[in-house]
Amino acid sequence: MITLTEQQRVAILVVLLAISVFLTYFFHTVLMLGTVFSHFFYIPIILTALWWEKRSILVALFLGGLVVVGTLGFSPNPLVPNDYGRILMFVVVAFVVASLSEQLRGREREVKKQRDLAQRYLDVAGVLFVVIGSDHTIRLINRHGCELLGYREEELLGRDWFATVVPEASREARRQAFDAAIAGGGASRGRQENPVVTRNGDVLILAWQDTIITGDDGRPVGMIGSGSDITDRIRAEEELRAAHGEANLYLDIMVHDINNANAVALGYADLLAEVLEGRERQMVWKLRSGISRSIEIIQNVSTIRRLRSGETTVRPIDLDAVIRAGIAHHPDAAFVYEEKPVWVMADDLLPEVFTNLVSNSVKFGEPGVEIRIRVEEDDGMVEVSVEDTGPGVPDPVKPLLFTRFVRGTNTRSGKGLGLYITRMLVERYGGSIRVEDRVPGHPECGAAFRFTLRRCDQPVTPRS
């Protein structure tokens with residue numbers, strides 16, 4: 001729509017009034033007619049009513065006076081009731097059109113007021129808000145969106161959203177997805193990560209959400225979208241993943257090399273223990289104990305890394321095979337275990353649970369300690385008990401035993417990571433763990449570690 005300036009409107013009105021004066025003179029003096037030309041007068045009256053509202057009544061009175069002057073001054077015929085009716089009609093039309101124009105302008109002002117209020121609400125938001133019409137054009141965008149994209153508002157309104165701010169690589173796919181959403185009239189498509197390109201050519205990643213907007217008839221007319229800039233966060237996460245991968249590489253190398261060194265040192269300690277006696281042999285056994293502690297620490301670190309990194313997935317595991325393998329690692333210990341085939345939901349780290357519990361029983365038990373392992377099924381769960389005849393766990397220590405870095409009262413207690421890792425693994429598998437007295441009420445008679453796992457069916461191995 002063409003918007004006229006105030007000066008242009010005044011000039012048009014002056015021309016129309018001049019034409020009205022000329023027509024009055026021409027029809028009265030030349031054509032000797034007085035009924036047709038005055039229909040033209042409605043044009044300046046209506047335009048004045050639309051442009052200046054009630055001022056059109058003055059124009060109507062002027063043109064009505066022109067009819068009277070023209071008839072009395074130039075026409076041989078006197079004024080008739082039709083002339084007075086025409087003058088009255090000028091005033092009525094001016095009043096009606098001016099009233100309608102005033103009401104229309106009032107509604108426009110109210111709409112503009114509401115629009116400005118909504119725009120202010122959008123402008124204070126710390127995210128991009130945009131309304132995209134069904135023809136892909138930008139109908140509204142807030143101040144933060146303009147600043148984020150590097151444009152002024154007037155530079156974006158009316159432009160194609162996809163051609164302006166969507167990177168070329170994803171432009172067609174995003175346009176097709178938009179058209180499909182408009183055609184389907186669907187609801188919000190949920191949170192997405194969409195790239196946009198700024199005026200300077202920088203690509204930003206927005207956490208994007210949108211929803212279809214409909215007209216009064218319920219048909220989709222566009223989409224309102226909001227996006228917050230998460231570019232820095234995405235880049236930081238990528239850098240963190242890269243650093244994490246590099247750290248894991250160094251850790252794997254360190255674990256491998258330290259384990260090799262520990263294995264060599266442990267072998268030489270065993271050889272020395274065979275040829276030495278007395279005090280020297282006791283020193284070798286202390287050396288061997290320190291090396292074993294180092295191996296345990298390295299194993300704990302490796303287990304925590306695998307647990308945190310999510311390298312393993314929970315799946316059906318043969319519990320009986322895991323228990324028998326754990327027993328085999330301690331050939332010198334006395335075990336009591338009735339084999340019971342049962343499958344549970346766990347992962348490749350389940351052996352660490354038995355390694356930690358059995359190692360504790362062997363380490364803290366007196367010479368000749370006996371370890372009994374029980375497996376019982378109950379309502380879809382499997383309870384495993386690792387009981388020993390060692391010194392037991394005092395009641396004050398029991399509630400804290402599986403907490404990180406909490407140690408037992410025994411002088412040979414470790415750093416408190418083994419049982420902490422055990423609890424983490426059991427809870428990862430959907431179970432729980434606790435420590436009790438092997439003989440209720442008598443901690444000195446040994447400890448009983450009990451944990452639960454979810455039972456599952458043995459997986460069917462397809463025939464080859």
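- Heavy-atom contacts from other residues, nucleotides or ligands closer than 6.0 Å to CG of Asp379 number 12 or fewer.
- Contact record, Gly227 with Leu206: CA-CB, 4.3 Å, taken as the closest heavy-atom pair.
- Looking at heavy atoms from C-beta onward, Ile205 lies out of side-chain contact with Asp229 at the 4.5 angstrom threshold.
- Side chain of Ser56 to main chain of Glu53: a donor-acceptor pair is present (N/O by atom type, distance under 3.5 Å, no hydrogens or angles).
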Side-chain polar contacts of residues 91-104 - donor-acceptor pairs under 3.5 angstrom, sequence neighbours left out - could you list them?
from: Ser99; atom 1: OG; to: Phe95; atom 2: O; distance (Å): 2.9
from: Ser101; atom 1: OG; to: Ala49; atom 2: O; distance (Å): 3.2
from: Ser101; atom 1: OG; to: Leu50; atom 2: O; distance (Å): 3.4

**OP:** Please assess Phe41 against Leu16 for the test side-chain contact (heavy atoms from CB on, under 4.5 Å), listing each intermediate value before the final yes or no.
**Re:** CA-CA 8 Å; Phe41 291 1; Leu16 292 175; over 6 Å; no

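- Salt bridge status for Arg152 with Glu155: present, with a side-chain N to carboxylate O gap under 4.0 Å.
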**OP:** Kindly indicate, with the supporting measurements, whether the criterion side chain to side chain donor-acceptor pair (under 3.5 Å) is fulfilled by Thr137 and Arg139.
**Re:** CA-CA 6 Å; Thr137 58; Arg139 304 291 180 84; 3.1 Å; yes

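- Heavy atoms only, all atoms of each residue included: Val196 and Arg174 are closest at CG1-NH2, 4.5 Å.
- In plain terms, the two heavy atoms of Leu453 and Phe451 that are nearest each other are CD1-CE1, 3.8 Å.
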Original post:
Could you walk me through whether Ser385 and Arg450 pass the side chain to side chain donor-acceptor pair (under 3.5 Å) check?
Top reply: CA-CA 4 Å; Ser385 299; Arg450 310 188 198 280; 2.9 Å; yes

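- Ionic pairing of Glu172 and Arg175 is present here: one or more N-O contacts between side-chain nitrogen and carboxylate oxygen are shorter than 4.0 angstrom.
- Note on Arg143 versus Glu153: no salt bridge recorded, every NZ/NE/NH1/NH2 to OD/OE distance being 4.0 Å or above.
- When atom types are taken as modelled, the side chain of Asn360 and the backbone of Thr355 share no donor-acceptor pair closer than 3.5 angstrom.
- A distance of 9.5 Å separates CG in Leu148 from OG in Ser228, rounded to the nearest 0.5 Å.
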Original post:
Stepwise, does the side chain to side chain donor-acceptor pair (under 3.5 Å) test hold for Thr198 with Asn200?
Top reply: CA-CA 5 Å; Thr198 68; Asn200 295 330; 5.0 Å; no

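- Between Val221 and Thr214 the shortest heavy-atom distance is CG2-C, 3.9 Å.
- Annotation: side chain of Val358 is in contact with side chain of Phe335 (closest heavy-atom distance under 4.5 Å).
- Here the closest non-hydrogen pair linking Met223 and Ala181 is CE-CB, 3.9 Å.
- Using a distance-only test at 3.5 Å, with no hydrogens or angles considered, no donor-acceptor pair links the side chain of Arg454 to the main chain of Met381.
- Here the straight-line distance linking atom CG of Leu140 with atom CG of Leu157 works out to 7.0 Å at 0.5 Å rounding.
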Original post:
So Asn356 and Tyr420, side chain to side chain donor-acceptor pair (under 3.5 Å) or not? Walk me through it.
Top reply: CA-CA 10 Å; Asn356 287 328; Tyr420 170 72; over 6 Å; no

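- Taken to the nearest 0.5 Å, the CG atom of Leu156 stands 4.5 Å off from the CD1 atom of Ile138.
- Note: Phe402 and Phe449 have perpendicular aromatic rings, judged against thresholds of 30 and 60 degrees for the angle between ring planes.
- Within the 4.5 Å cutoff, no side-chain heavy atoms of Asp210 are placed close to those of Ile224.
- Using a 4.5 Å heavy-atom threshold, the side chains of Glu168 and Arg171 count as touching.
- You'll find the side chain of Thr422 reaches within 4.5 Å of the side chain of Ile433, heavy atoms only.
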**OP:** Check the pair Asp320 / Trp343 against side-chain contact (heavy atoms from CB on, under 4.5 Å), numbers first and verdict last.
**Re:** CA-CA 8 Å; Asp320 180 66; Trp343 288 71; over 6 Å; no

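- Residues Leu357 and Leu419 are in side-chain contact: their nearest non-hydrogen atoms beyond the backbone lie under 4.5 Å apart.
- For the pair Glu352 (side chain) and Leu349 (backbone), a donor-acceptor distance under 3.5 Å is absent.
- Ser226 contributes atom OG, which lies 5.0 Å from atom CZ of Phe129 (distance to the nearest 0.5 angstrom).
- Taking 4.5 Å as the limit, some side-chain heavy atom of Leu63 sits within range of a side-chain heavy atom of Leu17.
- Using a 4.0 Å cut-off between a side-chain N of Lys or Arg and a carboxylate O of Asp or Glu, Arg434 and Glu383 qualify as a salt bridge.
- Glu338 and Lys340 are not joined by a salt bridge, as no carboxylate oxygen comes within less than 4.0 angstrom of a charged side-chain nitrogen.
- Side-chain atoms of Tyr337 do not come within 3.5 Å of backbone N or O of Ile371 as any donor-acceptor pair.
- Between Met345 and Pro316 there is a side-chain heavy-atom pair separated by less than 4.5 Å.
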Subject >> Stepwise side-chain contact (heavy atoms from CB on, under 4.5 Å) test for Leu350 and Val353 >> reply: CA-CA 5 Å; Leu350 180 58; Val353 173; 4.2 Å; yes

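- Counting only distance, with no hydrogens or angles, the side chain of Glu427 and the backbone of Met424 share no donor-acceptor pair below 3.5 Å.
- Note that OG1 of Thr48 is 10.0 Å distant from CD1 of Ile46, once rounded to the nearest 0.5 Å.
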**OP:** Test Thr452 against Val382 for side-chain contact (heavy atoms from CB on, under 4.5 Å), laying out the working first.
**Re:** CA-CA 5 Å; Thr452 58; Val382 175; over 6 Å; no

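- Annotation for Glu154: atom CD counts as buried by contact number, over 12 foreign heavy atoms lying within 6.0 Å.
- In this structure, Ser134 contributes its side chain and Gly222 its backbone to no donor-acceptor pair below 3.5 Å.
- Taking all atoms of both residues into account, the shortest heavy-atom contact from Tyr429 to Val314 is CD2-CG2, 4.3 Å.
- In this structure a side-chain-to-backbone donor-acceptor pair under 3.5 Å is missing from Lys398 to Glu436.
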**OP:** Start with the C-alpha gap between Asp378 and Arg455, add the side-chain angles, then the distance that decides, and say whether salt bridge (charged side-chain N to carboxylate O under 4.0 Å, His left out) holds.
**Re:** CA-CA 9 Å; Asp378 181 25; Arg455 184 188 178 282; over 6 Å; no

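- Rounding to the nearest 0.5 angstrom, the gap separating the CD atom in Gln192 from the CH2 atom in Trp208 is 9.0 Å.
- A salt bridge is defined here as a Lys NZ or Arg NE, NH1 or NH2 lying under 4.0 Å from an Asp or Glu carboxylate O, and Asp388 with Arg372 fails to meet this definition.
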